[in-house]
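Data first, discussion second: the structure below is written as structure tokens.
Here the structure is a predicted model, which means the values were calculated and not measured. Counting starts at 1 for both ligands and their atoms, following the listed order. Only this structure's heavy atoms are used, side chains among them; waters, hydrogens and symmetry mates stay out.
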Amino acid sequence: MLGGGNIDPWSSEQSTDYDRMIEQFGLTPMDLGSLPNPGMLHRRGIVFAHRDMDVITDSITKGDPFGVLTGLMPSGRMHLGHSMVIEQVRWFQEHGADVTVAVADLEALATRGTSLSDGRETALREYVLNYAALGLESDKTNVYFQSSRPEVQRLAFTLGKRTNLSELDAIYGFGGDTNLAHVQAPLVQVGDIVHPQLEDFGGLRPIVVPVGVDQDPHLRLTRDITQKTNWFNVKKRKSGGLTVALSVQEDNQAEMGVSHTGRIDMDSRAKLVGNIVDSIAELGFSDIKSNPKHGTIEIPGATLGDRSKLRVMLLQIERNLGGLGLMPPCSTYHRFAVGMTGDKMSSSKPESTIFMDDDIESMERKVKRAISGGQSTVEEHRRLGGDVSKDVAYQYLQFFFENDDKALAEIKFEYESGRMLAGEVKQICMDRAAEWLSDLKRRRNQMEDTVADFLAADAI
Ligand code: TRP
């Protein structure tokens, strides 16, 4: 089914070769030093890569508006794996982001047969309530349903014009036997990711999408499509600086100064290029060489660092002329915590993870049975030490339950030196997890009546 090297976002198999993924998909390794107040998942290298995160850190530093978008599949119960994204959403929110949450009820209907009303029920009771308990704030959060936001569906259709089956095949490994629900779902997801930039949903601003690396195909598709819609491109100029180039497309010919006979209408072309030159000058550049006929504007003195402000200015011009003016989404990628049974965490395998509403006994049973990195006898363990890279209890402390870096480092040190036994790490994990789960439960009870406050107007 899958071509070489593809990741299938619907698969239950899991690839964990993160360096290969960075290389193969052209992700940028996360640079901790560039983040203001890195969160726990950043500090521990769990959020390991990104695309265009610098655009977001720039907004954070300048106090400029930006948004964070995430989506949820309203089938199955919420578990620890899902909470990692919300932890990141919370971090972005604390740093000034507005939050949009897509309930993928159309995707669940099409790919899992979940009815819209069951999807709604699951989304609110199982997910949004836990998001509230995990610290998302209702006044900065908008939860919507794919099925009741026509703008998202409209985008899925109009942006669908910018791709084709061969591209979907190359990205997802689709073939002739692929169910059409699986073709439509990613296009709706493109609509989810892009639509917060529409004027009615907050307007032009960077949107970051934190995901597990298995969702990168959707982001690659979205970035590719948004770039194809852009009316102006900013490229590196061969002899230094940057070049702005017009992109004449089927639906922007008149605005681009191309008459219906296909010839360039020099008057309107010159006016358009003149407008752009003026806007570039307003950004502070004085050396600007334009060639209206070729549709290029060269800025020899611009650096790569000027690219993003030029792009935003051009997107605004595009919007004023009637175009969509879409930015490619920014994204971050996190590693997966191992499943407790050794394979992937999944709601359909309850022993593989801890659910947000598991009782303490079930949690303890799962931790006790989980794979450990201890040696087979105490003598050997004292001599060789434990292996944290195999130890589920240690990893769950690292990913979820132990906030304190020092305490975590100490456990690692004691365990690796053989002084601490696997059973002792499990006990610490159970104690921390018990605290975490009961805290969450208490907050769920407190927040129960606030779920409706998280809903967007079209979701009520
Ligand atoms: N496809 C995602 C999943 O399987 C759900 C989703 C829909 C999503 N739209 C999204 C995730 C937008 C991130 C961004 O869980």
For Asp58, all residues meeting salt bridge (Lys or Arg N to Asp or Glu O under 4.0 Å), sequence neighbours excluded: Lys62
Contacts of type ring pair (Phe, Tyr, Trp, His ring centres under 6.0 Å), residue Tyr127, not counting sequence neighbours: His82
Which of the ligand 1 atoms, numbered from 1, are nearer than 4.0 Å to a heavy atom of Leu69: 12 (C), 14 (C)
Contact atoms of ligand 1, heavy-atom distance to Ala104 under 4.0 Å: 7 (C)
Within the 6.0 Å centroid threshold, strictly below: Phe399 and His334: no
Full working for salt bridge (Lys or Arg N to Asp or Glu O under 4.0 Å) between Asp251 and Arg162: CA-CA 12 Å; Asp251 54 3; Arg162 309 291 180 153; 3.6 Å; yes
Distance-only N or O hit between ligand 1 and Thr70, under 3.5 Å: no
Structural part of Val188 in contact with ligand 1, heavy atom criterion under 4.0 angstrom: neither
Identity of the nearest option to atom 3 (C) of ligand 1, non-hydrogen atoms only, from Gln215, Arg112, His218: Gln215
Whether Gln93 side chain and Val99 backbone form a donor-acceptor pair below 3.5 Å: no
